[in-house]
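Note sheet for the following structure.
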Amino acid sequence: MTKIEINGASLAYDEAGDGSAVVLLHAGIADRRMWHAQVPALAARHRVIVPDLRGYGDSELPTTPFTHHDDVLGLLDALGVERAALVGCSFGGRVAVDTALAHPDRVSALALFGAPVSGNEWSEETEQLWEELVGDVDPEDFAATAAGEVRFWVVGPTRQPSDVDPELIRFAEEMDRRALAAEQALSAIEVGELDPPAIDRLHELRMPVLTAAGADDLPDIRRLADRIAAEAPQGRRLPDIPHAAHLLPLERPTEVNAALLDFLP
């Protein structure tokens with residue numbers, strides 16, 4: 001792990017390999033460790049940069065206002081990277097899309113796994129699924145909240161916990177407990193949003209865009225993968241990956257690595 005000063009914050013990141021730059025952006029329920037299976041596969045061909053977003057993992061959280069997409073730009077600048085492919089899972093995919101819209105000349109490609117986009121509103125179906133699968137959880141109880149979020153996102157609405165590798169569930173809950181502490185701290189700080197948001201600007205994504213989702217992920221997420229691929233001029237949608245929900249890079253690393261190696265410039 002290395003730390004670097006970006007926009008007044010010390011961000012942690014890992015780096016491996018040589019070649020065209022690829023930045024891996026983690027999910028909001030995780031941290032940079034979720035990419036451990038992708039780094040060696042991609043580093044054979046690429047310079048792979050894996051940060052913890054501000055406030056998450058080992059990155060710090062000063063009290064000054066900031067935007068995640070400008071932090072990504074600052075990371076590229078600080079590491080001397082002119083253009084990079086951005087790979088994002090879940091919230092990391094949202095940050096990747098916002099970065100590509102805010103700084104399109106710096107992004108060579110986008111690969112998005114289970115990604116929402118800024119400005120999207122969750123459907124009533126998703127809200128109902130949360131009530132059915134999780135219900136009311138004390139937000140101050142990070143262990144209970146993490147267990148609920150992992151049930152919702154990592155197991156997904158069409159599976160039971162017994163269908164999923166217990167080690168994956170354990171690791172996801174451990175990462176999510178740390179992420180919940182980060183989100184609590186972030187709630188006290190002004191975190192800027194892309195303006196206007198991405199949901200009605202997907203046609204502006206002129207770089208190659210790959211979208212994918214797990215077959216057991218939320219219907220909203222799978223529909224967003226369809227929409228992004230349809231509206232981005234160079235969009236391509238992978239078929240839903242079976243026996244997987246929201247954290248595709250962790251749950252189906254072989255399929256994700258093959259898709260990335262085929263797609264990345």
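Heavy atoms only: backbone and side chains are in, while hydrogens, waters and symmetry mates are out.
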Less than 4.5 Å apart, any side-chain heavy atom of [X] and any of [Y]?
X	Y	value
Glu149	Trp130	yes
Ser118	Val97	no
Arg45	Val48	no

(request) Starting from the C-alpha separation in whole Å, work towards a yes-or-no answer on side chain to side chain contact (heavy atoms under 4.5 Å, CB included) for Gln160 and Arg151. (result) CA-CA 8 Å; Gln160 296 298 317; Arg151 172 65 184 90; 4.1 Å; yes
So which atom in [X] and which in [Y] form the shortest heavy-atom distance, rounded to 0.1 Å?
X	Y	answer
Ala146	Asp176	CA-OD2, 3.3 Å
Trp122	Trp153	CH2-CH2, 4.0 Å
Ala179	Gly28	CB-O, 3.3 Å
Leu224	Pro116	CD1-CA, 3.8 Å

Side-chain donor-acceptor pairs of residues 206-213 under 3.5 Å, sequence neighbours excluded:
residue	atom	partner	partner atom	Å
Thr211	OG1	Ala225	O	3.0

[X] (side chain) donor-acceptor with [Y] (main chain) under 3.5 angstrom:
X	Y	result
Ser59	Asp52	yes
Asp216	Ala244	yes
Glu251	Ala245	yes
Arg54	Leu11	no
Arg106	Thr99	no

(request) Determine whether more than 12 heavy atoms belonging to other residues, nucleotides or ligands lie under 6.0 Å from atom CG of Asp136. (result) no
(request) Report, as yes or no, whether the 6.0 Å neighbourhood of atom CD on Glu131 holds more than 12 heavy atoms from other residues, nucleotides or ligands. (result) yes
In terms of side-chain geometry, is the basic nitrogen of [X] or [Y] positioned less than 4.0 Å from the acidic oxygen of its partner?
X	Y	result
Arg177	Asp31	no
Asp220	Arg223	yes
Arg222	Asp217	no
Asp262	Arg236	yes
Asp58	Arg178	yes

(message) Hydrogens and angles aside, do Asp70 and His103 bring a side-chain donor and acceptor to less than 3.5 Å of each other?
(response) yes
(request) Verify whether one side chain among Gln128 and Glu132 offers a donor that lies under 3.5 Å from an acceptor in the other. (result) yes
(message) Show every ring pair (Phe, Tyr, Trp, His ring centres under 6.0 Å) that has at least one partner inside residues 52-86, sequence neighbours left out.
(response) His26-Tyr56, Phe66-His68, His68-Phe91
